[in-house]
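Okay, so here's the structure we're looking at.
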Amino acid sequence: MLLMTEEYIYAVARVRSRELGLLSRQDVDQLMACHKVEECLRVLSDKGWAAAGDVTPEEVLAAEEEKTWAFIYELTDDLTPFQVLLFPTDYNNLKAAVKAVVTGVEPHQVFLPGGAVEPELMLRCVREGDFSPLPEAMAQAADNAYHTLLQTEDGQLCDVILDRACLEAVLACGRESKSDILRDYAELTCAVSNIKVAVRACKTGKNRAFLEAALAPCGTLDADSLAAAACKSLEDLYAYLSATPYGEAAERLKESYSAFEKWCDDRVMDLVKDQKMNPFTVGPLFAYVIARRNEISTVRIILSGKLNELDDGMVRERLREMYV
Amino acid sequence: MFDWTTMGIVFALLGAVLAALMGGIGSAIGVGMTGQAAAGVVTEDPSKFGKVLILQLLPGTQGIYGLLIGFVTLTQIGVLGGSSDISLAKGLLYLAACLPMAIVGMVSAKWQAKAAVSSISLVAKKPDQFGKSMIFPAMVETYAVLALLISILSITSIGSLSI
């Protein structure tokens, strides 16, 4: 534990310096004040973003995400603490690989960059039916999803299997970690995903069996009770959530789904903000990645608003809290 | 038959060695920790070298205090010249006198390093707060100085005791 604490001193000091370059609320206001996307890109370029020259907004955002991970790779060889952030990308790519192989379609621009496992490896494993090169939990889920899709041709069931496996992997990674922030983040991610699944299932009238298959058991939400409430009605679901630590989620859901999504991101930000005062451990590195993702997501919302000429008020109510 | 009365000089020397050894170990760990943090800040912003260097050196003083105690003890017990005929009681007293610096030196260097690492983070984000950032690790120094004081007073007074 002592070694773990001191392992990241150099990395945390670099992160502290980099945090000066993160977008603040004033920067976000400056972006909001811009009339056109081009003006936003100029402001971002002045802030050190790769937004100069002839680049599209998507290219700018992808480059920034890549820069964040390049920085983390530079700081540490051990990506284990960051697996909780990489699993969703990996499992998303796994879904794409399984579906591409089963449907016989050549995958084109379906894989997300930045995962821990190469999409080509996943594709080869699925094609050969040998999942052993993949991490154990992922291999089991891939095998299960592949054979389920072959037998039932039900793409949604395949998604459910892999989404749940992803959440279980995130939870396991958080629980195995010695870091409080990783454990809390994994728990929050799993609980929020369960709420999203329950709300969608309730709205589309899914049955109890579907919910039981889709919900991952986590510590702060009882999957059985959540499934039972979601099978009844949205009101029952909100009533159940009100009695859990996610009572505010019910309030936001009653408002709108986008308000709920903003609440989810803001909870994550609240969780990681304490790391600004922590000079040791992997926590500040993890918080930095979350902060960068958050600002990329905020910039994406602003740029989309400018591109589609949306009302400023509509964009502002979706803007996330910033880390600095 | 083993003669315990001849062991006075051994215990006294042990005290001197412990003061230098433990203070040195604490400072080496401390300066190593702060050095990593300082290097991290300088990697991103070389202009902060001067400020973080001062913070890096703060946990280094315990090693110097340990050396000082060791040197004074060696002088007092006659290892560096003079008579080294020391009774067992005096030898044990020298050992006891060196322990405050040895133990407090090692522990305080480590904790001062943690405070200094935090202050380096502070300077990385708010360079204008450098003055305040110095105060936090300097507070830890107080206890190393108190230990130094008590060790020096003890060591210099033991010689005049008639035991």
* Asked: Does the T76(A) side chain pair with the main chain of I72(A), one donor and one acceptor, at a distance under 3.5 Å?
  -> no
* Y288(A)/Y323(A) aromatic ring centres below 6.0 Å -> no
* Structure fact -> Of the listed V123(B), T34(B), V117(B), the one with the largest count of heavy-atom pairs under 4.5 Å with chain A is V117(B)
* Asked: Should the pair K262(A)-E317(A) be classified as a salt bridge under the 4.0 Å nitrogen-to-oxygen rule?
  -> no
* For the residue pair W4(B) and F2(B), is the inter-centroid distance of their aromatic rings smaller than 6.0 Å? -> yes
* Over 60° means perpendicular and under 30° means parallel, so classify the ring planes of F260(A) and W263(A), tilted if in between. => parallel
* Neighbours of chain B found in residues 15-43 of chain A - heavy atoms under 4.5 Å -> R16(A), S17(A), R18(A), E19(A), L20(A)
* Asked: Is the NZ or CZ atom of K114(B) positioned over W111(B)'s six-membered ring, under 6.0 angstrom from the centre and within 45° of the axis?
  -> yes
* **Residue S121(B) versus chain A: region with a heavy atom under 4.5 Å** => both
* To do: Examine whether an atom of K126(B) lies under 4.5 Å from a heavy atom of chain A, and if so say whether it belongs to the side chain, the backbone or both; otherwise answer neither.
  => neither
* Asked: F286(A) and Y185(A): aromatic ring centres closer than 6.0 Å?
  -> yes
